[in-house]
Amino acid sequence: MGKQSKRKRQKGLQNRPCPSLAQHDPCPSNSSKERVILAKIRHGDPRVRHAALVALSRTVYDSSSLSRRRPTVTGAGADKASSSGIAASDPSLLRALSERLLDPDIPCAIIAAGCLSNHVSFSDPQLEHHDKKAASGKNSCHDEELDVLSQVTMPILVQRIQLTYETCISLGKRLVEAKSQSSSSASASAKKSSPIDKLYASSTEQWTLQSLSLQTLSGLIENCPQAVKRISDTTPFLLLKVIHCAVECINCQLLPSATNEKGEHKANPILEAASNATRALHSLLDENLQIISNIPKVFKSDPSSSQATTILSIVEELSQVISNVRLSNTARLHACGAILSLRKVLVADREDATGALNAEEEQIFNALQSCSIDVIIPTLHSLFSIHSSNDVAEATTPKFLVQKMMHLSRILSSQKQDEAMESAIVQEINARKEPARLIARRQKEMKKAKEENKQGGEENVKKCTKEDFMEMEEEKKTPNEDGVTMVVEDDISRDNDSDKSSDPKDDLDAVLYSWRELCGSHKLALELMANLCSGPGDEDDEEAAMKMNYGNEENEYMWDSDDEDKLMNTAAGSSVEMSLASKTTASPMDRCIYTSIASHQLAEQIMAFFKNWILFLPSLLSEGTQCPELVVEDVEELLSTCALCLGNMIACEIPTWTSPSSNEAAVVICPSATANNGAELLWWCLMYLLTAPEFSTCHIGNNAISHVTSVMLSLLRHHTSSRTLADATTLDVLFNLLTSTAQNEGPPDEKDDSLIRMHCNIIAILGVLCSGPHSVVVNSRVCSALTEKLRWALPSSGQIHNSLESSKRRVILLNETFNILMDIYGGDDANDDVFRQQDVLGHFTRTLPEFKRSIKKVASGIGKHDEELDVWNETALNVSRFIRFKREA
């Protein structure tokens, strides 16, 4: 019996497993179900491999499934297996999927690349968890997952990209020849399946595989630093070749158009591959000094190629990509990011280096600087250009996209309900097993009654029962062996109907693609502007702040005199460094960039962009449009990135803030106010947004106001002239917002977080306003509002919760309140009378123990190595010193 079974297993070559790239898995599977899955993935029959990979893509590696199993703050759900009995982070499974990237069957390789892309994008394989476990001496399967991704997946990905690039080059040449032959041959169109159609199909498969492979590579570069070490110095040039090939194919129009019959964008594999290739190049060059410094060494063997020529060829190639309007905005912006990454390392970081520049270095400097001024900034200007409502195409506006998204969603929901009702009716009639003779008799009676009503000139409207509904279509009856009629669904009729009109699902996919492209490109452009306006002083501030870390991990967050002395010495040294860093001015190269930004009115454009997106969701809700969760999350990310971008631009020496703004920008941003310069224009725009009536009717008001107050805080800190614009009305608005509670509807966690952010920003704004000359009345009102926040933290207030999230919110708010009160009353010219009348010292003494207990509780959830924890510990120690100082005074 054993020999016979052995012969059967050896019979047929199609059942032999595919050769594996790794003979021994470092993490062998123990589950029988897992072994079955791995065997199917490595099966010799491509149909079996394809079916297994499709099943994995819809279960274990589905994006929604991976998002639900993403590790949380407490680490819950990090390594849970799915219902299929295998975890997405299983090293053996990742190794098997990596092997399938080189599968000769392209559909199998495509699905394997899609699974890996979802894994690195949604399961977030960061190294923080690895570092914590390594510090504690624990070794887990997560280490082996990172080893597989870096040592197996990364080299295979690069090899897959190289092979697909060569195949695409060959297919592109054959497509060009086939198109020229088909244009000269009139009989080619009469064939059912012409050679050019087969080439189109093959090219589409190859570019789809290339796009997914590049997307996986981008995710590994961004989320797995360990895998970046496995990248060779020739990888940037491979990505440049892929970009060049994609651009040539797009220019030659080797694939169908990227728009449907309605003019809406749809997915195009070549465009997607170009976007993912530029994204991978951007991520690879971003703050990667080793890769950038090794780029010229690749062509050292070529005596005719100098270092400058190598860099200049990269800049020239990427400049052509940026100027190509046929590419997506995302691809063009990633090309901008790659050039800015080169500029940061080769220009900005080396500008202060001692010694004269040689001819090659000067040529590189001029090329990168001119590309930034002449190519990148005009591209950003065209993306944020201020248009009137009549100049913008309706199909490209965010409001139109959201409304159409909801309309198509309602249509699909209605169709789903109809299908469910029809299926229930079919099951009910089939369960009765009624003979076909009775059904035919009733149909004859119905037909006869219908003819009589037609002859009489009137049509009676009858209510159809469930039986009549299914009996109206005689073609849907198929007799079985027992002569019983079974009702089946007619898919052919539905297919014919779908040919006449477009499928709502395809239309919804096109709208979602346009929405993601719109939001993604704007967010990327804002990030580029934020990086372009971040000077070297920001990094100096971070390095000086890192020196403030102190304390012993074993002191249970209690402090003694040694910690106090260490803090005082460290604070004294770091304060000098921070003061020197704050006095640094922009370099000549940066001044040229800022002048170009001002001449293209980018600051005014981003102000208008910020205002429009702040009012976007409230305007939709006021019109009765229900916004999906996807739209709300994307808008929140846009506003957060835009607030960060404006904060960086405010901190820079851009001439916009001190020079008059154009009338066109003033009319769009704030037509009701008169502003002498850009700083005043931004101030009145922010005041208008704080008092906008749209926020009182929706739960997203706190989110929007938190971003508005964040920009206002940056403006007051860096432009002291704007502090004179704060009048009594401004203070009333700020006090009303500070005393407000989360009364609007919405998710409790998100609602409370946005409220805490808004209150912290307002508290900081009040501190900045009180740093200059102000009246005793204003000081008393500010002190009363801030001490109310201290009373809120006490257990007797009844607002204290036992959850970790509520404790963290309380610590964040108390930290900001303590710092501002110490700044206001820590100087020699402080209002001591108000300090004694408001009993600020008593509030400090009563609230400090609760602040320390909350810090200790939050530390148990976020870990002892968190940077925020160091800041809170510093504040608690400063409060103790402040209390002793005031008592001795």
Side-chain angles (χ1 to χ4, degrees), residues 377 380-389 391 522 525-526 529-530 532-533 586 591 593-616 619 638-639 641-695 704-731 733-734 737 761-762 765 768-769 772:
I377 292 180
L380 296 175
H381 167 74
S382 63
L383 189 63
F384 290 108
S385 58
I386 301 177
H387 295 290
S388 62
S389 57
D391 296 335
H522 280 109
L526 291 170
M529 276 299 306
L532 197 59
C533 296
R591 289 198 191 96
I593 294 292
Y594 300 155
T595 303
S596 179
I597 290 175
S599 62
H600 286 86
Q601 298 184 353
L602 269 171
E604 292 90 341
Q605 291 175 349
I606 295 179
M607 284 187 224
F609 179 86
F610 183 68
K611 174 187 174 183
N612 293 335
W613 281 102
I614 283 285
L615 301 176
F616 176 69
S619 63
L638 269 178
L639 292 177
T641 309
C642 191
L644 174 64
C645 178
L646 281 174
N648 285 6
M649 296 180 73
I650 291 170
C652 294
E653 301 175 7
I654 300 179
T656 303
W657 309 122
T658 56
S659 59
S661 301
S662 63
N663 295 330
E664 179 185 2
V667 169
V668 175
I669 296 173
C670 192
S672 59
T674 302
N676 298 323
N677 50 49
E680 293 185 8
L681 181 63
L682 178 59
W683 171 266
W684 294 119
C685 175
L686 297 176
M687 284 302 301
Y688 168 77
L689 294 176
L690 286 180
T691 58
E694 291 86 352
F695 296 140
I705 294 176
S706 65
H707 299 303
V708 175
T709 52
S710 174
V711 178
M712 179 177 287
L713 177 61
S714 299
L715 182 63
L716 291 172
R717 280 176 173 173
H718 295 92
H719 295 273
T720 56
S721 59
S722 61
R723 302 175 188 178
T724 59
L725 301 175
D727 51 9
T729 304
T730 304
L731 294 177
V733 172
L734 295 177
L737 293 174
N761 291 333
I762 295 175
I765 289 174
V768 173
L769 294 177

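From a predicted model like this one, the values you see are computed outputs, not experimental measurements.
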Between [X] and [Y], which heavy-atom pair has the shortest distance, and what is it?
X      : Y      : value
Ser706 : Asn761 : O-ND2, 3.0 Å
Leu681 : Ala675 : N-CB, 3.4 Å
Ala603 : Met649 : CA-CE, 3.6 Å
Asn648 : Ala530 : ND2-O, 3.0 Å
Val668 : Lys611 : O-NZ, 3.2 Å
Cys645 : Ile606 : SG-CD1, 3.8 Å

[Y] and [X], any side-chain heavy atoms less than 4.5 Å apart:
X      : Y      : value
Trp684 : Thr674 : no
Cys533 : Ile597 : yes
Leu615 : Tyr688 : yes
Leu646 : Phe610 : yes
Met712 : Leu690 : yes
Thr709 : Ile705 : yes
Asn677 : Pro660 : no
Ile650 : Arg717 : no

I'd like to check the side chain to side chain donor-acceptor pair (under 3.5 Å) partners of Thr656; sequence neighbours left out, ordered by chain and number.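 So Thr656 forms no side chain to side chain donor-acceptor pair (under 3.5 Å) with any residue.
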State which residues pass side chain to side chain donor-acceptor pair (under 3.5 Å) with Thr730; sequence neighbours excluded, sorted by chain then number.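 Per chain and number, Thr730 pairs via side chain to side chain donor-acceptor pair (under 3.5 Å) with Asp727.
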Nearest 0.5 Å please: distance from the [atom1] atom of [X] over to the [atom2] atom of [Y].
X      : Y      : atom1 : atom2 : value
Met687 : Leu682 : CE    : CG    : 12.0 Å
Trp613 : Thr641 : CH2   : OG1   : 12.0 Å
Leu602 : Met529 : CG    : CE    : 5.0 Å
Asn612 : Cys642 : CG    : SG    : 10.0 Å
His707 : Leu638 : NE2   : CG    : 10.0 Å

Please check if any side-chain donor atom of His381 sits under 3.5 Å from a side-chain acceptor atom of Gln605, or the reverse.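 Side chains of His381 and Gln605: pair found under 3.5 Å.
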Side-chain donor/acceptor of His719 to backbone N/O of Leu715, under 3.5 Å: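 Such a contact is absent between His719 side chain and Leu715 backbone.
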List the residues meeting side-chain contact (heavy atoms from CB on, under 4.5 Å) with [X], not counting sequence neighbours, and say none if there are none.
X      : answer
Ser596 : Ile373, Ile377, Ser599, His600
Arg723 : Leu716, Thr720, Val768, Leu769, Ser771
Pro655 : Tyr594, Ala598

Contacts of His522 that satisfy ring pair (Phe, Tyr, Trp, His ring centres under 6.0 Å) - sequence neighbours left out: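 With neighbours one apart ignored, the set is Phe384, Phe609.
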